[in-house]
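Hydrogens, waters and symmetry mates are skipped; everything else that's a heavy atom, side chains included, is used.
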2 protein chains.
Amino acid sequence: MKYIEKLRNSGLRPTKQRLQICEVLFDTEKTFHFTINELNQKIKDKIHNKISLATIYNTVHAFEKKGYLKQISVNSNQTYFDTNITDHHHFYNLKDGKLIDLENSDVGPINIKRKIDGKKIKSIEVLVKLED
Amino acid sequence: MKYIEKLRNSGLRPTKQRLQICEVLFDTEKTFHFTINELNQKIKDKIHNKISLATIYNTVHAFEKKGYLKQISVNSNQTYFDTNITDHHHFYNLKDGKLIDLENSDVGPINIKRKIDGKKIKSIEVLVKLED
DNA sequence: TTTCAGTTTATAATGGTTCTAAATAGCTGT
DNA sequence: ACAGCTATTTAGAACCATTATAAACTGAAA
Ligand SMILES: [Mn+2]
Ligand SMILES: [Mn+2]
Ligand SMILES: [Zn+2]
Ligand SMILES: [Zn+2]
């Protein structure tokens, strides 16, 4: 299979559950944003056996740690993840809680002029909130 | 008192609890960032009667709705608020979960080139995550 | 002072996330 | 193929920030 090597190379055993989650997350034309509950629903729709919610949490966090998913900084009662791991930004539609990708070229270069002693910049995230 | 008019003009009754919370939030040299738990602690330290946690939540949300506080978009298990309601951005220290203000002049103008039909931009927030 | 909507409060409920510990499954060496 | 070992899965409990509830209280206006 397509993802077995990827997982093995990451030190993750290619279990049936992880491979199925890979298919839901990565066998798509476009990248997408999701919450754990949305992913759980997607898995139920596409796959015929059940995967425990705990496994979905575990797997998403494992994939995030390996850099296959990104977490997005939004205030919501749920955590948002992104299968688009390139450097990019987001519109956040307050009406329905949906995220829309904003490419770096749509924002322009961001140059942080201030430095904090002894700290490195790990990421720069721009969130553009949208209302009607 | 200093805050009675402010509250009345906002359509909020100047109750003892709200006035005391105003003192903790706004009687300071500098603005600051806080979670509800941190605010609760601050209130306990500065004031001698107890204010119910529900009242603190209610008041913070009322003040946010009136524009006296801002909510900050960070992923954390707790919601962060800001008494600095000017347009500005943040460093987020991943090590200790603390926020540091980044003035607009420290980031430079952000020009969002893409438009979403029928939507207006409500806010633009830049979050710069810091690691060691 | 009477009245009443607005507010406070203790407490319960909610819900996303994490923890637990037992069962299961993938991997390695034989 | 098998045994042995560790990683992983799982159901369910626990956790905990936040919100809902509904009864008591209070500020403002008549
Ligand atoms: Mn995570
Ligand atoms: Mn709020
Ligand atoms: Zn994205
Ligand atoms: Zn700030």
ask   = Using the C1' atoms of the five pairs at each end, what is the angle between the end axes of the helix from C:dT1-D:dA30 to C:dT30-D:dA1, to 10°?
value =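 About 30°, once rounded to a multiple of 10°.
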query: Is the phosphate of C:dG6, meaning OP1 or OP2, less than 4.0 Å from a side-chain N or O of B:Arg18?
result: no
B/S/- along nucleotides 16-25 of chain C (protein heavy atoms under 4.0 Å) is SBBB------
Here the ring pair (Phe, Tyr, Trp, His ring centres under 6.0 Å) pairs for residues 51-73 of chain A, sequence neighbours left out, are none
Side-chain hydrophobic cluster, 4.5 Å single linkage: members besides A:Ile85
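Traced through the cluster, A:Ile85 reaches no other member.
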What are the bounds, 5' to 3', of the part of DNA chain D that sits under 4.0 Å from heavy atoms of chain B?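 On DNA chain D, the outermost contacted nucleotides are D:dA17 to D:dA28.
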Residue pairs meeting salt bridge (charged side-chain N to carboxylate O under 4.0 Å, His left out), one or both in residues 120-132 of chain B, sequence neighbours left out, come to A:Lys119-B:Asp132, A:Glu125-B:Lys129, A:Lys129-B:Glu125, B:Lys95-B:Asp132
Sequence neighbours left out, what passes side chain to side chain contact (heavy atoms under 4.5 Å, CB included) with [X]? Give chain and number order.
X	result
A:Lys115	none
B:Asp106	A:Arg114, B:Leu102, B:Glu103
B:Lys42	B:Val24, B:Phe32

Where do B:Val74 and A:Ser73 come nearest, in terms of heavy atoms and distance?
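Taking B:Val74 first and A:Ser73 second, the nearest heavy atoms are CA-CB, 4.3 Å.
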Problem set entry | Same apolar cluster: A:Leu99 and B:Ile116, side chain cutoff 4.5 Å | no
Members of residues 38-51 of chain B that approach DNA chain C, where some heavy atom sits under 4.0 Å away: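 Nucleic-acid contacts, sorted: B:Lys50, B:Ile51.
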Contacts of A:Thr86 meeting side-chain hydrogen bond (donor to acceptor under 3.5 Å, both in side chains) (sequence neighbours excluded), chain-then-number -> A:Asn84
Only residue of B:Leu39, B:Ile43, B:Asp45 satisfying side chain to side chain contact (heavy atoms under 4.5 Å, CB included) with B:Gln41 is B:Asp45
dist A:His89:NE2 -> B:Ile124:CD1 (nearest 0.5 Å) comes out at 11.5 Å
message = Applying side-chain hydrogen bond (donor to acceptor under 3.5 Å, both in side chains) as the test, list every pair that has at least one member in residues 25-40 of chain B; sequence neighbours left out.
response =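 Listed by first then second residue: B:Lys2-B:Asp27, B:Tyr3-B:Asp27, B:His33-B:Asp82, B:His33-B:His90, B:His33-B:Asp101, B:Thr35-B:Gln78, B:Asn37-B:Gln78, B:Glu38-B:Lys98.
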